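Working notes, beginning with the structure itself.
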Amino acid sequence: MLKLKPNCECCDTDLPPESTQAVICTFECTFCKSCAEDRFDSICPNCGGELLRRPIRPADKLVLNPPSDQRFVKAHPECAGLLS
């Protein structure tokens, strides 16, 4: 089951479970659509895999299968200066 991570690991933008702006790779590295396209050309900087839109879990399924609340940010060179 997908973890549904809560943020972009590059710019730390919030990505709630219903977001259509979240993209993931096969390892669930999670980015916002903007960072994925503008900084990484839709290729995961961690594994080299394709970044695709994360599916949206139906709201009624979130009750028993909640999203992760653990934020993760990684220092990619392309993200330098985005976080304060």
Side-chain angles (χ1 to χ4, degrees):
M1 178 161 322
L2 293 175
K3 293 178 185 176
L4 300 178
K5 296 175 184 177
N7 65 303
C8 173
E9 84 173 47
C10 181
C11 71
D12 200 29
T13 295
D14 290 338
L15 296 169
E18 69 277 4
S19 177
T20 59
Q21 298 302 303
V23 297
I24 60 173
C25 71
T26 189
F27 292 102
E28 288 190 68
C29 300
T30 304
F31 300 93
C32 68
K33 184 177 179 181
S34 177
C35 284
E37 291 176 355
D38 299 342
R39 299 178 191 291
F40 305 119
D41 294 321
S42 297
I43 301 297
C44 180
N46 300 318
C47 71
E50 187 176 18
L51 291 169
L52 300 171
R53 196 184 120 207
R54 180 180 72 189
I56 295 174
R57 185 169 299 155
D60 64 325
K61 303 298 184 201
L62 290 171
V63 175
L64 294 177
N65 302 287
S68 174
D69 61 357
Q70 295 183 331
R71 297 181 81 82
F72 179 78
V73 177
K74 188 171 181 180
H76 302 288
E78 299 87 347
C79 307
L82 291 178
L83 302 171
S84 50

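Side-chain atoms are counted along with the backbone in the values below, which use heavy atoms only and exclude waters and symmetry mates. Positions are given from 1, in the same order as the sequence printed here. Everything numeric here is computed off the predicted structure, so don't read it as measured data.
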**Request:** Begin with the C-alpha distance, continue with both residues' side-chain angles, and end with the deciding distance and a verdict on side-chain contact (heavy atoms from CB on, under 4.5 Å) for C29 and F72.
**Result:** CA-CA 9 Å; C29 300; F72 179 78; over 6 Å; no
**Asked** How far apart are the C-alpha atoms of H76 and N46, what are their side-chain angles, what is the distance that settles it, and do they pass the side-chain contact (heavy atoms from CB on, under 4.5 Å) test?
**Response** CA-CA 9 Å; H76 302 288; N46 300 318; 2.9 Å; yes
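For the pairing with N7, the side chain to side chain donor-acceptor pair (under 3.5 Å) check across T30, D12, T13, D14 returns one residue only, D12.
From E50, atom CD reaches atom SG of C25 across 10.5 Å, with rounding to the nearest 0.5 Å. Between the OG atom of S19 and the CZ atom of R54 there is a distance of 6.0 Å, given to the nearest 0.5 Å. Rounding to the nearest 0.5 Å places CG of L52 at 8.0 Å from CD1 of I24. To the nearest 0.5 Å, atom CZ of residue F31 and atom NZ of residue K74 are 8.0 Å apart. If you take NZ on K5 and CZ on R71, they are separated by 12.5 Å, rounding to the nearest 0.5 Å.
Counting heavy atoms from C-beta on, the side chains of L15 and K33 never come closer than 4.5 Å.
Taking both residues in full, the closest heavy atoms of V23 and C32 are given as CG2-O, 4.0 Å, listed atom of the first, atom of the second, then distance. Residue P17 comes nearest to L4 through the heavy atom pair CB-CD1, 4.2 Å, listed as atom of the first residue, atom of the second, then distance. Of all the heavy atoms in R57 and L62, the pair that sits closest is CD-CD2, 3.8 Å.
C10-C79 SG separation is under 2.5 Å; the pair is scored as a disulfide.
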